[in-house]
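Only one structure is covered here, and it is reproduced in the block below.
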Protein chains: 2
Amino acid sequence: MKKYTIKDIALLAGVSKGTVDRVIHNRGNVAKDVEEKVKQLLEEINYQPNLIARNLKNNKVFYIGVLIPDPKIDAYWAVCIDGINSALSEFSAFDVQINTFLFDPTDTDDFLACNDTMLKTAPDVILMVPLFYKEATSVLKHYESLNIPVGTFNNQIISSSANFIGQDLYQSGRIAAKLLHSISNKGDMAIVHIDEKYKNAVHMQEKEKGFKSYYDDMDLFEDSVLTCKIKYFETEDKLRDFLNNHPHIEGIFVTNSKAFHVARLLESENKTHIKLVGYDLLSDNVNYLNSGTIDFLIHQNPRQQAYLGLKYLIEYLVFDKQIPEKFLLPIDIINSENVTPFLRP
Amino acid sequence: MKKYTIKDIALLAGVSKGTVDRVIHNRGNVAKDVEEKVKQLLEEINYQPNLIARNLKNNKVFYIGVLIPDPKIDAYWAVCIDGINSALSEFSAFDVQINTFLFDPTDTDDFLACNDTMLKTAPDVILMVPLFYKEATSVLKHYESLNIPVGTFNNQIISSSANFIGQDLYQSGRIAAKLLHSISNKGDMAIVHIDEKYKNAVHMQEKEKGFKSYYDDMDLFEDSVLTCKIKYFETEDKLRDFLNNHPHIEGIFVTNSKAFHVARLLESENKTHIKLVGYDLLSDNVNYLNSGTIDFLIHQNPRQQAYLGLKYLIEYLVFDKQIPEKFLLPIDIINSENVTPFLRP
DNA sequence: TCATAAATTGTGTTCGAACACAGTAATGCG
DNA sequence: CGCATTACTGTGTTCGAACACAATTTATGA
């Protein structure tokens, strides 16, 4: 129960605290038999250093580089800033300095340029959204060679050793399927990919796979699952054609945060009987959720992703904790009745 | 940007660190003009004491009394222990000592007895589940007179000033209604209260109110909402009668964690077409969720409730943080596809 | 005026880990 | 043997806040 200090161990071993310290940090210059004895004692009483005292002495400032898409260009990322601030205030006792860089999520060159700018601030660790697979891969390799630990979220770059926070996208597609299946009439199901100009193809593919796997498992031969890919600028027309060509559609799954586009069309075309499931608590989506046109939203929790990613990095810096390789957040199902508490900062 | 220390302020004010310290802690014995000057300086540079250094000196051990129902008697409470351990390991750097007491959730006398035993350990703060309204009220009043801060969760004792962590039960009932409404065929809805011998009447009433309010809002005159109260020991017979007497029931809402009892009956009576929504991720419930007899579970997250309650108390002790009066957790909707990550410790 | 009390201010130590540096003992080598 | 070198060990200081206590200044009264 009692908390042992270095002094206690020194007393027990009959040596000075300096020697104990040398043993703990493997700093050498200790006689073999003494080292053995001290190590055994440390083991026996399961010595845990007082992290408070350690951090009082190590009064150096840690610099963290954060690289995320600009919320002014895509509102989805706005809540990440909140998550970062949460982690920051949680560790306000420590000297952690954050430099945030916002890149244009439609521009790979800007992504690379921001990485360069960030490197100039000599960060001890980096938290980033590796939005572009190819560019991110090379950037991450570079950081690895510089021995800068990196945390990533939202997009997983499997080739990298960087830590990753996100969700199981395949499972997320299955959840959408289960929800639509449980609330829809018999009929066709549509998966709608609305491309946002930038590469989240992997995201959408995984979700589609999961969605289809659920319907495969169900052996619902009478219903078919259709897929519709739409470029951002042609959403309305193409979607209208798609719905007219497939009059038996009873449910739509939008694989990203743009479900509100579909909702708008369903309302204007008087097809609100079609059930709609999408992603993310953007205010546009939440409005359609409350009006009933969107039935469920799946919450990808970017706020929590950013928070956790940063927390792991800070704990690595100040407590020498191991950074977990991967952490998959639980997937929240949101409807009009439980949405409110998820919106608060 | 720079972090100022007491020494810095002393230097700037042309006094000694002792004087600055006296000003900060209003310990008197400072000339008025000097006090003014130092206070102004502190204000100007927005002095924030280094919490690490403060806690190094304050090396006293904090004792926390925890009082929760015995998980051996009701499995619902088992995950609370995990939550407590999480909070504990998060603050392992500080000398926080926890004494946990488990009371019989069917026995008010045991609750009172455990409170007495706990008081003998002279706790600095207390975290408890105030399961019995009357007894808890008097106990909380006693702690207030002893100036022992108390955190409560699961049950709110409105008359008390103790902090409370929980969920909005009324809203939780509305969520159940929304879910059942979206997945059920037209027909009657049943609210089933399975009494567990001990008093959670307030819980169940609030949930019922919320449930009904949703159906009232919907103006669903054709469907009626029935209520069925069942004593624990007569569950099966009474429920069977109830279902036989009301053949048009299409959905059942069980207001506590005992939905598995209803699920078992639905299976044995071949009435699995009836949709079922209940509470809590007990393994019995999860099994029926996976088999499809239970459609949704609402997650009350007792683990998180315990974790947060304890976290607030510890932060109060070690960082002098204000304990928030009330915190309502978001309400998680669980189906068979997203349940897994919620089950991990 | 001077002793004494009261008011005010400064100094030094503590907490535990980390590390610089001084000190002691053992060994090597001419 | 004597001096240097290596091998090992102990001491002292630092981080920032907190507080005990010493020191100093000012006020009071005989």
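Order of the sequence lines sets the chain letters (A, B, ...), proteins ahead of strands, with each chain counted from 1.
Listed nucleotides dC19(D), dA18(C), dT9(D) differ in distance to R27(A); the shortest reach to its side chain belongs to dA18(C). For A53(A), taking side-chain heavy atoms from C-beta onward, the closest of the listed nucleotides dT9(D), dG16(C), dC19(D) is dG16(C). Checking dT9(D), dC19(C), dA17(C) against every side-chain atom of S16(A), the shortest atom distance belongs to dT9(D). Relative to the side chain of A31(A), the nucleotides dA17(C), dG10(D), dC8(D) differ in distance, and dC8(D) lies closest. Side chain of R22(B), nearest nucleotide from dC21(D), dT8(C), dC19(D): dC21(D). Residue L56(B) places its side chain closer to dG16(C) than to any other of dA18(D), dA18(C), dG16(C). When distances run from any side-chain atom of N29(B) to the nucleotides dA18(D), dA17(C), dT9(C), the shortest one goes to dT9(C).
Under the 3.5 Å distance criterion, with hydrogens and angles disregarded, a donor-acceptor pair is assigned to the side chains of Y143(A) and N115(A).
Put simply, CD1 on I52(B) is 13 Å from P on dA18(C), counting in whole angstrom units. Atom CD1 in I6(B) sits roughly 8 Å away from atom C1' in dA18(D) (whole-Å rounding). When the C1' atom of dT8(C) is taken as reference, atom NZ of K37(B) falls 15 Å away, rounded to whole Å. Regarding K7(B), its NZ atom lies at a distance of 12 Å from the P atom of dT11(C), rounded to whole Å. Atom CD of E35(A) and atom C1' of dA7(D) are 13 Å apart (whole Å). I9(A) has its CD1 atom 11 Å from the C1' atom of dG16(C), to the nearest Å. Look at CG on N26(A): it is 17 Å from P on dA17(C), rounded to the nearest Å. The CG atom of L51(B) sits 15 Å away from the C1' atom of dC15(D) (whole-angstrom rounding).
If you look at F111(B) and F103(B), their ring centroids are closer than 6.0 Å. Ring pair Y307(B)/Y312(B): centre-to-centre distance not below 6.0 Å. Aromatic rings of Y316(B) and F62(B) (six-membered ring for Trp) have centroids beyond the 6.0 Å cut-off, not under it.
Put simply, Y47(B) has a side-chain N or O that comes within less than 4.0 Å of OP1 or OP2 on dA17(D). Between T19(B) and dG10(C) there is a side-chain N or O to OP1 or OP2 distance below 4.0 Å.
Not a single donor-acceptor pair, N or O on each side, falls under 3.5 Å between the base of dG16(C) and the side chain of K3(A). At a cut-off of 3.5 angstrom, the base of dG16(C) holds no donor-acceptor pair with the side chain of K57(B).
Ion pairing between a basic and an acidic side chain is recognised when a charged N comes within 4.0 Å of a carboxylate O; E35(B) and K39(B) show such pairing.
Counting non-hydrogen atoms under 4.0 angstrom, N50(B) reaches the backbone sugars and phosphates but no base.
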Stepwise, does the salt bridge (Lys or Arg N to Asp or Glu O under 4.0 Å) test hold for D95(B) with K60(B)?
CA-CA 7 Å; D95(B) 253 339; K60(B) 69 172 275 200; over 6 Å; no

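Along DNA chain C, the nucleotide closest to G18(B) and the one closest to R54(A) are compared, and the more 5′ of them pairs with G18(B). Positionally, the nearest nucleotide of DNA chain D for V30(A) lies more toward the 5' end than for the other of K17(A) and V30(A).
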